[in-house]
Structures are given as C-alpha cells and as structure tokens.
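A short write-up of the structure that comes next.
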Amino acid sequence: MKKRIEFSKMIFFFVTFFIIALTIFCFVMIFKTNDLSPLAYLIPAWFSELGITTGFYYSKAKAENLIKLRKLYKLDNETIQTIKE
C-alpha cells in the first residue's frame, strides 16, 4: 500500500518551492531591468509566508509526536505537560 504524503508536508513543500522559484525569477528580472525596488515589497512578503508555513508545520509535527510518545511510552498527562513546556 502506497503511503500518502501528509497535507501539511505538501503545503510546506509547495510554499518552499514557490518561494525559491519566485526569488530566482525576481533576481533574473532585477538583473534585466536594473531596478531593486521590487525587493522592498516582495521578499518580506514571501519569506513571512514561509515563516508562517514553517511554524505551522513544526507545531503540527510537535503535537503529532507527543501523541506518538504518549502511546509508545504510556506517559501520563503530567509528563506530557512537562514535555510541552
């Protein structure tokens, strides 16, 4: 049975690929036009989106790993709260 890629990973990979492609495109167009003004608006917007996506992905992974650890080691809620902090 083929294992499906998690939706959060697909979002993370898509956003990362999209930002790399847009950055390369931006550098090419800046080289052709000799105008750096687009960087003031585009790069902060793109990389803030990447930061939000990365934060979401790692937060979700942390929650999933806590569930796995709870089942694997039969941890109680007090220990889980200590791990969360």
Side-chain angles (χ1 to χ4, degrees):
M1 186 170 146
K2 186 176 178 183
K3 186 176 180 181
R4 287 184 40 196
I5 296 176
E6 296 172 4
F7 187 68
S8 60
K9 283 185 184 179
M10 289 189 326
I11 292 172
F12 180 72
F13 292 141
F14 175 76
V15 169
T16 304
F17 173 76
F18 187 68
I19 287 175
I20 290 170
L22 285 174
T23 303
I24 291 170
F25 174 75
C26 188
F27 286 153
V28 169
M29 292 309 292
I30 287 170
F31 181 74
K32 287 183 177 183
T33 62
N34 292 327
D35 182 20
L36 295 177
S37 62
L39 290 179
Y41 304 103
L42 297 176
I43 288 187
W46 295 339
F47 285 95
S48 64
E49 175 66 28
L50 180 61
I52 292 168
T53 304
T54 304
F56 165 75
Y57 176 74
Y58 286 124
S59 174
K60 183 178 179 294
K62 179 181 175 183
E64 289 174 349
N65 287 336
L66 283 175
I67 293 169
K68 290 176 189 175
L69 288 174
R70 179 183 289 161
K71 289 179 182 177
L72 181 65
Y73 296 113
K74 297 177 179 51
L75 300 174
D76 58 353
N77 288 335
E78 183 177 320
T79 308
I80 294 296
Q81 289 298 329
T82 306
I83 294 171
K84 282 184 180 180
E85 297 169 0

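These values consider heavy atoms only, across backbone and side chains, with no hydrogens, waters or symmetry-generated copies.
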Sequence neighbours excluded, the answer for salt bridge (Lys or Arg N to Asp or Glu O under 4.0 Å) partners of Glu64 is Lys60
Show, in sequence, the C-alpha distance, side-chain angles and deciding distance for Leu66 and Arg70, and conclude whether the side chain to side chain contact (heavy atoms under 4.5 Å, CB included) test is met. CA-CA 6 Å; Leu66 283 175; Arg70 179 183 289 161; over 6 Å; no
All side-chain contact (heavy atoms from CB on, under 4.5 Å) counterparts of [X], not counting sequence neighbours:
| X | result |
| --- | --- |
| Ile5 | Lys9, Met10 |
| Phe17 | none |
| Asn34 | none |
| Leu36 | Ile30, Leu39 |

Tested for side chain to side chain contact (heavy atoms under 4.5 Å, CB included) against Val15, the lone hit among Leu50, Ile20, Thr54 is Leu50
Which ring-ring contact (aromatic ring centres under 6.0 Å, His included) pairs, counting each pair once, include a residue from residues 40-70, with sequence neighbours left out? Phe12-Tyr57
Is it the case that the side chain of Ser59 and the backbone of Gly55 share a donor-acceptor pair, with hydrogens and angles ignored and the cut-off at 3.5 Å? no
Could you give the distance from OG (Ser48) to CD1 (Ile19), rounded to the nearest 0.5 Å? 8.0 Å
